[in-house]
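Following: one structure in structure tokens, then a few remarks.
The chains referred to below are lettered A, B, ... by the order of the sequence lines, with proteins before strands, and numbering in each begins at 1.
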Amino acid sequence: MPSALSVKSLVKRYGRNVLALNGVSFEVDKGDFFVIIGPSGCGKSTLLRCVAGILDYDSGDIYIDGRNVKDVPAHKRNISYMPETYALFPHMRVYDNVAFRLRMHNFDESEIKKEVKRALELVGLAGFEERWPSELSGGQRQRVALARAVVANPSLLLLDEPLSHVDYRLQRKLMEDFKNIHKNLGNTWILTTHIQEQGLSLADTLMVMNVGVIEQKGKPHEIYESPRTVFAARFVGDINLYSGQVVEQKGEFCIVKTNLGEFKGIYKGTGEIVGRTVAYGVRPNHILISPVGEHRENSFKARLISAYYFGEFIEYIFEVTGGVQVKVHADPMPVKIGEEYAVSWDTVRGIILDKPSVIEGLNIEDVIYGR
Amino acid sequence: MTEERRSEAEKRESPLITFVRKNARYFLILPPLIVVILFLVVPSLMILLLSFNKGSVTRFDPTKISIDNFIAVFSRPSTYIILRDTLGMSVLAALVTLLVAYPVAYFLSFKIQNFQLQGIITFMLVAPYWVDWSIRSISWLSILGEKGLVNYVLMSLGLIKQPLSELLFTRWTLLIIWVQTNLLFMIFPIYLSLTLIDPDLINVARTLGASPFKAFTKITFRLSLPGVVIGIIFVFISTLGDYVTPALWAGGLQMLGLTVQNYAWHFNWPMAAAYSVLLLAVTLGVIWIVLRFANIKQVFYK
């Protein structure tokens, strides 16, 4: 079975100097809920537009359902594209917006009626047929755009930044809605986002992009637990990152000397890294807080300076002499701001990364500290 | 100032000042309103009154009221020929102007991404209008004349053997000149409404299965209709009442504006007024039809 989408060495330039896509290659399985994540300007929208057929690319190939679409115009690709602005047709009522694809494919009026009703029910907007787009709220507009995109079940759905205009709290809910509709339809969805946390765990596959290149592709938990580069580690989930030198390497286990002390961790790459400057990372929810004096591995003293309530967890910020901060996500516990505690983590939670990014020539410390 | 003190101050001021202060925003439109009433509404009413007089009067005479002028206007077969020619030429001019202007506006707003180049082209479109009207008119001689540019090009290409003589002093001359003079007023409103279209609307239409042509008719053209309607109205307004261009270039073709001018020239002001009223009615009627036809509410969607 061919993959739903296969992109091979795709290159796209804007003008002479801007390289938006630098030879991107990846595949998307049929029926996948595929999320592309990356900072703004990384080329994810460009990629989506090339796949949709509304933007020319310089070289490379795109296969949709095994067919090379180089010479296939947008209207013959059997795909749907939903831009960040939703782009509802302002001169058409909700009904006619949703019916657009069906009309373009010459469906009977009775069938159009049935399909539009089904699509609007799917997004929870039954009864909105006669409204004008200007009479809808932002959320309703997005759902109409989604209904218009899924009607007649195209094989590939491309949603550009569907979460960016949504309230932080609603992002997860929206992703769950998308996931349910996706399950209902069974086609392939590709979403882009620059928002790091909300609902990312719902993706079947996650692809992290950095300026024109793919940093890592995999299941969300794979990237979360075993990021391949510092960039991927920073972009998927929260992480405490420190630079340091490798002083010892025994198989996967390494000891890294940082400003905070020597920490043990896991290096999943191959090759000798002793003496090299690397990134040592630990996720905030893998850190334990305990009274000073208890002996644990990867432990040091730090002063609690603030705590933020997040609902499912509390974010504790600790500071070590010299101003270095450690972020910890944990359940509420009887700790006092201003007191000193011991923070520690298991060695298997220590992530050691020697590559800042798949982009060559970056300084690892710049990427670690987000410079 | 507190609420109490303000209301106390209000009690003390004269009713006139209170009135002015409370309706200040309406007074803002007073100066233009006065100009419009004085120089547009009053003269129009005077013409309307005058059209119900008879004889060689130049001032309304209440003792000589009759509808004879209108009976005369509508009983003359020539009136209908004049009406047909005036309306026909105006409609034709509007359509041809639209056909010429639309591609220019489309090209300007969608195909030229360079902002500077857009400015240069816009400048080149406006530049001819800075040339004096009479000079622009005379230059048509050297373009459309028997030894003019058009005939020269057509003959050197071997497309014609004899120079075309219909180019000058026929209704086609009038059409060409009207199209040229109105082109800019068609291009700009269309260009503006095209630039307001979110390109993603067209992109989305394409991915939903619309061919480039369908996307154009269903989305682009549909959303540019406000510009098209405004452009057409501009052309109608400037051509329906025009009498100078027909008098100079149309080779004796009678038009409504020209008829008005003829009667006024011969001091039959009441007849001139009657034809003026007819012209006004026709102009308003045409605009009404255009707005009706284009379904104005849908054109200027919310």
Side-chain angles (χ1 to χ4, degrees), chain A residues 14-15 45 48-55 64 69 72-93 96-107 131-136 144-152 154-161, chain B residues 102 105-107 109-118 189-190 192-232 290-302:
Chain A
Y14 289 111
S45 293
L48 230 51
R49 284 165 173 266
C50 289
V51 173
I54 52 180
L55 191 66
I64 296 175
V69 293
V72 181
H75 65 289
K76 288 184 176 157
R77 291 191 179 188
N78 193 25
I79 46 121
S80 262
Y81 167 68
M82 186 171 111
E84 194 179 346
T85 56
Y86 316 143
L88 291 181
F89 304 133
H91 57 300
M92 295 182 194
R93 290 176 193 270
D96 299 306
N97 262 285
V98 180
F100 193 85
R101 176 190 280 278
L102 304 164
R103 296 224 165 100
M104 289 301 118
H105 289 97
N106 300 317
F107 280 59
R131 299 274 193 100
W132 291 99
S134 57
E135 296 168 346
L136 302 173
V144 172
L146 190 64
R148 182 180 63 177
V150 300
V151 83
S155 68
L156 188 60
L157 226 72
L158 307 164
L159 311 184
D160 198 6
E161 297 274 357
Chain B
Y102 205 98
Y106 186 88
F107 185 77
S109 60
F110 284 119
K111 300 294 168 193
I112 299 178
Q113 307 292 336
N114 186 332
F115 200 66
Q116 267 182 325
L117 195 59
Q118 271 192 2
I190 297 175
L192 277 180
S193 56
L194 283 173
T195 52
L196 290 177
I197 298 174
D198 174 7
D200 265 341
L201 292 175
I202 299 151
N203 289 336
V204 166
R206 298 275 287 110
T207 64
L208 289 173
S211 62
F213 178 72
K214 279 265 176 164
F216 174 76
T217 55
K218 298 276 173 194
I219 310 295
T220 315
F221 184 71
R222 191 63 191 62
L223 290 175
S224 68
L225 269 186
V228 171
V229 167
I230 290 168
I232 286 177
V290 169
L291 294 181
R292 272 298 295 263
F293 174 73
N295 196 352
I296 200 72
K297 252 192 197 158
Q298 270 210 6
V299 168
F300 298 96
Y301 57 87
K302 281 165 280 177

Let me see the working for Lys214(B) and His75(A) under side chain to side chain contact (heavy atoms under 4.5 Å, CB included), right down to the final yes or no.
CA-CA 10 Å; Lys214(B) 279 265 176 164; His75(A) 65 289; over 6 Å; no
List in chain and number order the residues that pass salt bridge (Lys or Arg N to Asp or Glu O under 4.0 Å) with Arg77(A), two or more places apart in sequence or in another chain; answer none if no residue qualifies.
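Here no residue qualifies.
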For Ala215(B), is it the side chain, the backbone, both, or neither that has a heavy atom closer than 4.5 Å to a heavy atom of chain A?
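Neither the backbone nor the side chain of Ala215(B) comes within 4.5 Å of chain A.
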What part of Asp198(B) gets within 4.5 angstrom of chain A, counting heavy atoms only: side chain, backbone, both, or neither?
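Answer is side chain: those atoms of Asp198(B) sit under 4.5 Å from chain A.
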Less than 4.5 Å apart, side chain to side chain, heavy atoms only: is that true for Leu208(B) and Arg148(A)?
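With C-beta onward as the side chain, the pair touches.
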Rounded to the nearest 0.5 Å, what separation is found between the OG atom of Ser211(B) and the CE atom of Met104(A)?
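Here the rounded value is 7.5 Å.
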Return the CG to OH distance between Leu201(B) and Tyr86(A), rounded to the nearest 0.5 Å.
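It is 14.5 Å, given to the nearest 0.5 Å.
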Looking only at non-hydrogen atoms, find the nearest pair between His105(A) and Gly209(B) and report the distance.
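That closest heavy-atom pairing would be CE1-CA, 3.8 Å.
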Nearest heavy-atom neighbours spanning Tyr81(A) and Val204(B)
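The answer is O-CG2, 3.8 Å.
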Going through the distances and angles, do Arg222(B) and Phe89(A) end up as a side chain to side chain contact (heavy atoms under 4.5 Å, CB included)?
CA-CA 10 Å; Arg222(B) 191 63 191 62; Phe89(A) 304 133; over 6 Å; no
Residue Leu55(A) versus chain B: region with a heavy atom under 4.5 Å
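Nothing of Leu55(A), per the 4.5 Å heavy-atom cut-off to chain B.
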Which atoms of Met92(A) are under 4.5 Å from chain B, going by heavy atoms: the side chain, the backbone, both sets, or neither?
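Answer is side chain: those atoms of Met92(A) sit under 4.5 Å from chain B.
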Should His91(A) and Ile219(B) be marked as a side chain to side chain contact (heavy atoms under 4.5 Å, CB included) after you check the CA-CA gap, both sets of side-chain angles, and the distance that decides it?
CA-CA 9 Å; His91(A) 57 300; Ile219(B) 310 295; 4.0 Å; yes
Take Arg49(A) and Asp200(B), measure what side chain to side chain contact (heavy atoms under 4.5 Å, CB included) needs, and give me the verdict at the end.
CA-CA 10 Å; Arg49(A) 284 165 173 266; Asp200(B) 265 341; 2.8 Å; yes
